[in-house]
Amino acid sequence: MAKVKVAILGSGNIGTDLMYKLGRSEVLELTTVIGIDPDSEGLKRAKELGYVTIDTGIEGFLERAELADIVFDATSAKAHIRHAKLLKEAGKQVLDLTPAAVGPFVVPTVNLDEHLDADNINLITCGGQATIPMVHAINRVQSVEYAEIVATISSKSAGPGTRANIDEFTQTTSRGIELIGGAKKGKAIIILNPAEPPIIMRDTIHAMVEGAYINQQEITASIKEMEQEVKSYVPGYRLRQEPIFDGNQITILIEVEGAGDYLPKYSGNLDIMTAASVKVAEEWAKNRITKLTV
Amino acid sequence: MTNERDVLITEVALRDGSHAIRHQFTVKQVTDVAKALDEANVPFIEVSHGDGLGGSSLQYGFSLTNELELIEAAASVVKQAKIAVLLLPGIGTMPDLKQAAKLGAKMARIATHVTEADVSPQHIALAKDLGLETVGFLMMSHMAPTEKLVEQAKLMESYGADTVYVVDSAGALLPYQVKERIRALKDSLKINVGFHAHNNLSLAMANTLVAIEEGATRIDGSIRCLGAGAGNTQTEVLVAVLDKLGIKTGIDIYKMMDIAEELVAPILEKPQEITKDSLVLGYAGVYSSFLLHAQKAAQRFGIDSRDILLELGNRKVVGGQEDMIMDVAAEISNRGLVHEH
């Protein structure tokens with residue numbers, strides 16, 4: 001099968017984890033890793049694996065833009081705003097893993113179909129990727145009046161960017177719960193837990209549905225179906241307990257174990273972001289290939 | 001009444017006490033209590049959801065009354081006292097703090113887990129920008145060694161906090177541990193040091209006195225012990241004890257006794273005492289606000305609430321992780337079933 005060429009912008013933890021995931025893809029061909037520090041661990045590893053490495057940032061890549069049609073941006077929100085403009089001009093399709101949110105929010109299991117031709121999409125937050133599918137799973141059976149999610153991640157997997165801008169997480173995630181999950185009102189909470197050994201990412205979804213009668217069986221079935229859908233691209237995604245029903249309330253307890261490609265397994269929060277972005281890019285690639293063959 | 005104060009007391013019943021009554025405060029209760037505390041010359045009165053601004057949720061319990069209404073009501077009746085609000089980054093956000101300041105809050109207490117101070121720089125900076133007196137609140141202080149606590153307190157100092165508190169959220173600290181922590185902070189910080197106790201091991205008063213001896217000048221209390229778990233250091237008793245020790249709080253003891261008896265006792269669904277569950281909170285080192293949630297989960301799954309709390313302690317669960325209660329309860333109950341078969 002023909003593959004679509006992709007590049008990773010950013011050679012930090014996320015970029016490096018992406019590199020290992022892309023190495024396994026059947027529709028994406030990673031050609032290039034772009035950074036700004038030639039001595040970074042990410043660029044060294046990329047070189048060892050035989051990828052083209054560029055250490056002069058976006059400008060360096062634009063000089064050799066034929067290296068990729070799809071670009072993953074794993075830099076920072078501030079940098080992405082500049083990158084987004086340049087990459088759009090160069091005609092690239094871009095996956096934004098930063099909180100910049102230049103393009104529309106995408107959760108692969110919910111609204112990917114609407115954005116197959118987008119030039120730029122945003123992956124929301126780790127908590128959003130883990131919980132919005134479940135809000136949607138309830139909402140597709142019975143309207144969700146209110147959904148609230150609690151993401152608990154190990155202190156070790158929360159980088160300085162997340163820590164210094166923690167409001168960005170709660171605000172962006174709650175917006176995603178409403179816009180993509182379909183809840184009338186959304187709320188997000190994030191908790192850092194320093195326990196050693198580090199805890200695996202956990203997410204709790206509390207939801208209240210409309211109406212006096214709650215369709216317990218259908219909602220449970222929809223939740224389990226969604227668990228499998230997410231699992232297809234995040235193997236360590238699982239329900240910790242059966243969904244808990246109480247009046248018109250539902251509580252879903254989830255755990256996200258990372259694949260351990262580059263980042264440790266407990267950091268499911270980072271893994272679900274990279275895995276979701278790969279999933280989106282793969283669908284983009286399939287869409288491109290289909291168009292070419294038609 | 002004197003305005004000389006050796007120790008500045010923050011009355012937390014209208015915030016910490018929110019946990020004890022499942023966040024059901026009414027505007028009238030808050031107005032009456034805040035007005036009376038102000039007349040008794042209490043310098044700071046904290047008003048918020050138990051989990052701080054934005055805490056109203058399914059995770060922690062919805063507030064009966066929007067906390068912003070409560071803050072506004074309290075601010076409108078106080079003459080000398082300042083209204084304080086609590087904010088936990090990750091739960092509350094900067095817009096919430098701006099709103100509270102607009103409604104009359106004069107003090108912001110920015111709370112993080114004892115090892116996670118670096119989620120607070122934006123909120124501390126904003127509080128300072130808003131002209132609020134700013135407190136860094138290091139929760140679950142028993143979970144970190146003293147050196148770590150000092151390191152984290154210094155971070156909060158560097159972000160601009162005017163005071164840093166050692167917060168014994170689980171009521172788990174023993175007097176010698178309080179002594180060591182307060183002394184270390186006094187030695188390493190230039191700003192005020194405060195102490196917040198819970199009475200789960202019946203040590204709130206003793207620990208508070210130790211903290212004051214070591215130099216803490218900001219102290220929390222809850223009148224009639226209206227706080228999470230077994231409540232906090234009982235404010236009216238503390239004021240009397242400090243008076244006997246010749247330590248000035250500037251607070252009227254007689255008026256405090258009357259408020260406790262006439263206004264606060266009727267708010268409590270039952271008198272505060274150290275029940276088996278609150279004892280276990282202190283013993284296992286579990287966040288005090290887990291109490292009622294654990295009892296509810298125990299009932300639902302037909303298990304002993306102490307087993308849930310002990311297991312949460314084993315797992316080193318931190319403040320805010322109320323969702324773990326249901327999770328652990330379900331697990332214990334599933335395990336129980338396996339045993340029966």
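Residue numbers begin at 1 in each chain, while the letters A, B, ... track the order of the sequences.
A salt bridge between A:R140 and A:E218 is absent, with no side-chain N of the basic residue lying under 4.0 Å from a carboxylate O of the acidic one.
Looking at B:E331, the atoms closer than 4.5 Å to chain A (heavy atoms on both sides) sit in the backbone and in the side chain alike. If you measure heavy-atom distances from A:E242 to chain B, you find no contacts under 4.5 Å at all. Using a 4.5 Å cut-off between heavy atoms, A:L192 contacts chain B through both its backbone and its side chain. Proximity to chain B is limited to the backbone of A:A207, based on heavy atoms less than 4.5 angstrom apart. Of the two parts of A:Q249, only the side chain, counted from C-beta on, holds a non-hydrogen atom closer than 4.5 Å to a non-hydrogen atom of chain B. Looking at B:Q122, only its side chain comes within 4.5 Å of chain A, counting heavy atoms on both sides. If you measure heavy-atom distances from A:I191 to chain B, the contacts under 4.5 Å come from the side chain alone. Only the backbone of B:V317 comes within contact range of chain A, judged by heavy atoms closer than 4.5 Å.
Of all the listed residues (A:T251, A:D246, A:I190, A:I199), the one sharing the greatest number of non-hydrogen pairs under 4.5 Å with chain B is A:I190. Of the residues considered (B:D323, B:L88, B:V318, B:T115), B:D323 shows the highest number of contacts with chain A, using heavy-atom pairs under 4.5 Å. When each of A:P194, A:P160, A:A195, A:A188 is scored by its heavy-atom pairs under 4.5 Å with chain B, the top score falls to A:P194.
Remark: A:K231 NZ is packed, more than 12 non-hydrogen atoms of other residues, nucleotides or ligands lying under 6.0 Å away.
The distance from the CG atom of B:L58 to the CD atom of A:E148 is 4.5 Å, given to the nearest 0.5 Å. Note that CG of B:D307 and CD1 of B:I332 are 5.5 Å apart. Values are rounded to the nearest 0.5 Å. Rounding to the nearest 0.5 angstrom, the gap separating the CD atom in B:Q99 from the CG atom in B:L68 is 5.5 Å. For the atom pair CG (B:D129) and CD1 (B:I124), the distance works out to 12.0 Å, reported to the nearest 0.5 Å. Here the CE-NE2 distance, from B:M139 to B:H113, works out to 8.0 Å after rounding to the nearest 0.5 Å.
Ring-plane geometry between B:H49 and B:H23 is classed as parallel, the angle between the planes falling under 30 degrees on a 0 to 90 degree scale with a further cut at 60.
Side chain to side chain, B:D16 and B:H196 meet the donor-acceptor criterion of an N or O pair below 3.5 Å. Side-chain atoms of B:T146 and B:E180 form a donor-acceptor pair, as typed in the model, at a separation below 3.5 Å. Counted by atom type alone, A:S267 and A:N269 present zero donor-acceptor pairs between their side chains at under 3.5 Å.
Close approach to chain B, defined as a heavy atom under 4.5 Å from one of its heavy atoms, is seen in no residue of residues 124-132 of chain A.
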